Number of protein chains: 2
Amino acid sequence: MGETGRRARPGPRRALSEREILDAAMRLLDGGGAEALSVRSVAAELGVAPNALYTYFASKPVLVRALVDDLLGQVGPGTLTPADDDWRGAVTRFALALRETLLAHPGAVPLLLGSGFDGPNALAGGEALLDLLVRAGLPQDTASRASYLIITYILGTVALDAAELPPGVPRPDDAARTAARRGRLAGIPADRFPRTAATADVVAGYNSTEQYLWGLTRLLDGILTGPPGRSTAS
Amino acid sequence: MGETGRRARPGPRRALSEREILDAAMRLLDGGGAEALSVRSVAAELGVAPNALYTYFASKPVLVRALVDDLLGQVGPGTLTPADDDWRGAVTRFALALRETLLAHPGAVPLLLGSGFDGPNALAGGEALLDLLVRAGLPQDTASRASYLIITYILGTVALDAAELPPGVPRPDDAARTAARRGRLAGIPADRFPRTAATADVVAGYNSTEQYLWGLTRLLDGILTGPPGRSTAS
DNA sequence: TACAAACTCTGTACAGCGTACAATTCTGGA
DNA sequence: TCCAGAATTGTACGCTGTACAGAGTTTGTA
């Protein structure tokens, strides 16, 4: 009955699975942020001794990497393979989906940035994005650079956004976020930061989906502006 | 002799200063990355009991915030106030200076992203960038959005870059970085990631200054492309 | 059917972490 | 001179990741 295909070795049956551990870890992460995720808390959540987890993951960093990559794998799989030729729409859908997935688990974002963006699912996402840009007609090298530019923008935005989301509570919607930020911005001294104070209404919306799309649009415009036949600019 | 202006209260003289503590902390950060920075290690570095530091900083997170903002304050102060009207050049200089400062202390980058981008020096930097864009002729709201877009790009790039820099050793130059990455990329399966494999030469240079400037150029192009008279695009 | 090898899990332990608390020492102002 | 207040230390608590030894369970093989 080798369910996984490779169960032909001695030893008692496993009481857990990687899946259960990752789910428990994500639950803790969502409930209390990155610092609520400890080997001991995960073990307690699963009713097991702390060191039992070392059967499944060699160390905490390894667990965290798996957790982060697992999360990246949850980005809608079909988001990047559109049938039509609306590549800007496809990139936009991908950017929205990736941001949404990450912001649904803000505690995972610092872990992602600390663990690196490698891992199979990260690679697969990069490949899919790159493939889309090439199929859109961009020269291969330009597409490669552009895909990194886009990833960079998404992760930078999400990082700044997640950094100010308190753990344990559901993310408020854009209007509430902006209103709260607007209130806080009322406290900044207009004599020392006149420009910032003058545009406080815009600054308050930095974390909104609308600003996110504004930036993405500028980005894609800029990518199209570049000399299409060359791989380097200026 | 009120040196700091506010020394008119009883108690023994302080054996340390915020400056010394921040310097020691940065030394440890540079030597061993974020996990080498502990209250106890900083105290040991200064030859003092761990809890002595609590006279100067209320908690470790407070210390880290101060450290990060102090680092941001080290970005060349004049970088953003050019006399000429070459605003793209000024933004580029700023982007290069900020990246250089952060990558000189890669261990600080995860701390920055975990602590948020507020703090006086972060605010001042944002104000200066915003001011530059407004003086460049961008409408106020567009300038505000653009400044966030630029910051987002810089921090995203730096985050991905710093995540793969090992702590304790000086950062190799671009050529060495790219060569090392190129070698590692040779190991990725071309059948599962054909596009990535095909552009491995470009991918290897993702962390280079050249790619950084390519992306920044696209970004600024895109900002200029947008409808200049309106504050929202779509 | 017995056994040895392989495997999973637990109990215990260690070094390190952030920091709270009480005691000690030092200082300037009244 | 004395006291109020500030700086520092020693001690301690609960937490962390994880190494190690042992016990229990399962398997293929003899």
Side-chain angles (χ1 to χ4, degrees), chain A residues 1-22 24-25 28-29 31-68 107 110-111 114-115 167, chain B residues 1-22 24-25 28-29 31-68 107 110-111 114-115 167:
Chain A
M1 327 239 172
E3 222 183 23
T4 62
R6 55 165 179 89
R7 160 128 200 98
R9 53 202 212 292
R13 289 181 187 87
R14 295 189 160 191
L16 304 155
S17 66
E18 279 87 353
R19 181 72 277 136
E20 286 177 276
I21 295 173
L22 293 178
L28 290 163
L29 205 53
E35 67 187 25
L37 176 68
S38 70
V39 174
R40 300 173 115 101
S41 65
V42 174
E45 174 92 2
L46 296 167
V48 114
N51 34 4
L53 302 188
Y54 286 82
T55 299
Y56 304 86
F57 298 98
S59 66
K60 188 186 180 185
V62 168
L63 198 174
V64 166
R65 291 181 86 88
L67 186 63
V68 159
L111 301 182
S115 300
Chain B
M1 320 227 178
E3 222 183 25
T4 62
R6 55 165 178 89
R7 163 128 197 97
R9 55 206 209 290
R13 290 183 186 86
R14 296 189 160 191
L16 303 126
S17 66
E18 278 87 353
R19 183 73 274 139
E20 285 176 278
I21 295 173
L22 292 178
L28 289 164
L29 205 53
E35 68 188 23
L37 176 67
S38 71
V39 173
R40 299 173 114 100
S41 65
V42 174
E45 174 91 3
L46 295 166
V48 114
N51 33 6
L53 302 188
Y54 286 83
T55 298
Y56 304 85
F57 298 98
S59 68
K60 189 187 179 183
V62 168
L63 197 175
V64 167
R65 293 181 84 88
L67 186 63
V68 160
L111 301 182
S115 300

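Please read all numbers here as calculations on a predicted model, not as lab measurements. Only heavy atoms go into these numbers, but all of them, side chains included; no hydrogens, no water, no symmetry mates. So that the names make sense, note that chain A is the first sequence line, chain B the second, and so on, each numbered from 1.
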Q) To the nearest angstrom, how far is Leu16(B) atom CG from dC26(C) atom P? A) 16 Å
Q.
Nearest whole Å is fine: how far is dT16(D) C1' from Lys60(B) NZ?
A. 12 Å
Q) Arg9(B) side chain: which of dA6(D), dT27(D), dT16(D) is closest? A) dA6(D)
Q | Beyond-backbone contact of Leu63(B) with Leu37(B), side-chain heavy atoms, under 4.5 angstrom | A | no
**Q.** Short side-chain N/O contact from Tyr54(A) to OP1 or OP2 of dC20(D), under 4.0 Å
**A.** no
Q) What are the two closest heavy atoms between Ala34(B) and Leu111(B), and how far apart are they? A) CB-CD2, 4.2 Å
Q.
OP1 or OP2 of dG28(C) versus the side-chain N and O atoms of Arg13(B): is any pair under 4.0 Å?
A. yes
Under 3.5 Å, sequence neighbours excluded: what are the donor-acceptor pairs made by side chains of residues 46-58 of chain B?
from: Thr55(B); atom 1: OG1; to: Ala52(B); atom 2: O; distance (Å): 3.4
from: Tyr56(B); atom 1: OH; to: Leu16(B); atom 2: N; distance (Å): 3.1
from: Tyr56(B); atom 1: OH; to: Leu16(B); atom 2: O; distance (Å): 3.4

Q: Would you mind classifying the nucleic acid contact of Thr55(B) as base, sugar-phosphate or nothing, using non-hydrogen atoms under 4.0 angstrom?
A: base
Q. What's the closest nucleotide to the Asn51(B) side chain, out of dG17(D), dT11(D), dA7(D)?
A. dT11(D)
**Q.** Below 4.0 Å: OP1/OP2 of dT8(D) and any side-chain N or O of Arg14(B)
**A.** no
Q. If you round to the nearest 0.5 Å, how far is CZ of Arg65(B) from CG of Leu67(B)?
A. 12.5 Å
Q | Shortest side-chain distance from Pro61(A), nucleotide among dA20(C), dT18(D), dT16(D) | A | dT18(D)
Q: Grab the CG-P distance between Leu46(A) and dC9(C) for me, whole Å please.
A: 11 Å
**Q.** Closest listed nucleotide, where the reference is the side chain of Ser38(B) and the choices are dT18(D), dG5(D), dC17(C)
**A.** dC17(C)
Q) Of the nucleotides dT19(C), dT10(C), dA6(D), which one has an atom closest to the side chain of Val39(B)? A) dT19(C)
(Q) For a quick check of understanding: with a heavy-atom distance under 4.0 Å over all strands, which category does Phe57(B) fall into, base, sugar-phosphate or nothing? (A) nothing
(Q) I'd like to know if Arg40(A) reaches the base of dG17(D) with its side chain such that a donor and an acceptor end up less than 3.5 angstrom apart. (A) yes
Q: Starting at CD of Glu35(B), measure out to CG of Leu28(B) and round the result to the nearest 0.5 Å.
A: 12.5 Å
Q: Could you tell me the separation between the CG atom of Leu53(B) and the P atom of dA20(C), rounded to a whole number of Å?
A: 14 Å
Q) Glu35(B) has an atom CD; how far is it from atom P of dT16(D), in whole Å? A) 17 Å
Q. Between dT18(D) atom P and Tyr56(A) atom OH, what is the distance in whole Å?
A. 17 Å
